[in-house]
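Working notes for the structure below.
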Amino acid sequence: SLARGVLGPLFYAVGGANSATVTISDAFAGPWFVATNGSDVATGMSWASAFRTISNALAHATIAGQTVLVSNGVYTLAASLNLTNGVALVGVGGWSNTVLDGNATTRCVNIGHAAAVLNGFTISNGLAWGGGSPANNGGGLYLTAGTAQNCRVVLNRAGGGGYPDGAGVWMSGGALQDSTICWNSN
């Protein structure tokens, strides 16, 4: 007999004398959902069961082409968000309603995949501080591939030794489209 359940990853169990259990990690095609009133023990598969943190949703969105939808609110980051696969991270209310706050302790976002997309966020209060590149570049956004669009990058900092560049945005590749960059400082 075949039993199927969905609790985060898909789980398949085959019974019988020669039984086997196979776990297919996060085969859910998405989209994944994040809300300020969500829970990281939820499934993240709907607004009613949204994750609380964007980093948790990104850990589940492992398949290129998946989307993470982020509800309105301020999301204070404990660590940088890394878009290192072809995932789209979308602030559904746009940059005026959805804020990524680096808490003056971490860079907000790293984008390093050609198919990755960041869309509709205010990126604020990020910090890139270190002894040289890349640690002290791009306090708000560090872009080496992919696309950031419809964003507002404001009040980020870079520095701490060497020659800091791009307090708001540092990029060596990718595209930055229809975005505002202002009031950042080295």
Distance in Å, C151 SG paired with L176 CG, rounded so as to fall on 0.5 Å steps:
7.5 Å
F121, L77: one ILVMFWY side-chain cluster at the under-4.5 Å cut-off?
yes
Filter on side chain to side chain donor-acceptor pair (under 3.5 Å), then keep only pairs touching residues 92-101, sequence neighbours left out; what's left?
D101-N125
When the side chains of residues 104-113 are checked against the rest of the protein, which donor-acceptor pairs come out under 3.5 Å, sequence neighbours left out?
unit_1	atom_1	unit_2	atom_2	d
T105	OG1	G102	O	3.2
T106	OG1	S80	N	3.3
T106	OG1	S80	OG	3.2
R107	NE	N137	O	3.3
R107	NE	G138	O	2.8
R107	NH1	N110	OD1	3.1
R107	NH2	P134	O	2.8
R107	NH2	N137	O	2.5
N110	ND2	N82	OD1	2.7
H113	ND1	A115	N	3.0

Reported OG-to-CG distance for the pair S179 and L118, which is rounded to 0.5 angstrom:
8.0 Å
Separation between OG (S71) and CZ (F51), nearest 0.5 Å, reads 15.0 Å
Heavy-atom pair with the smallest gap, counting every atom of V68 and A57:
CG1-CB, 3.7 Å
Grouping I, L, V, M, F, W and Y whenever their side-chain heavy atoms are under 4.5 Å apart, do M171 and V117 come out in a common cluster?
no
Check the side chains of S49 and T43 for a donor-acceptor pair under 3.5 angstrom, ignoring hydrogens and angles.
yes
Applying side chain to side chain contact (heavy atoms under 4.5 Å, CB included) to L69 and not counting sequence neighbours gives P31, F33, W47, T67, V90, V92
Non-neighbouring partners of T53 that pass side chain to side chain donor-acceptor pair (under 3.5 Å), sequence neighbours left out:
D40
Run the side chain to side chain donor-acceptor pair (under 3.5 Å) test against T84 and tell me which residues pass, sequence neighbours left out.
none
Roughly how far apart are I123 CD1 and T180 OG1, rounded to 0.5 Å?
11.5 Å
Flag the pair V74 / T122 as yes when at least one side-chain heavy-atom distance between them is below 4.5 Å, and no otherwise.
no
Kindly state each residue pair satisfying side chain to side chain donor-acceptor pair (under 3.5 Å) with at least one member in residues 148-159, sequence neighbours excluded.
N119-N150, N156-N184
Residues that I54 engages under side chain to side chain contact (heavy atoms under 4.5 Å, CB included), provided they are two or more places apart
V34, L58, V70, Y75, L81, L89, L100
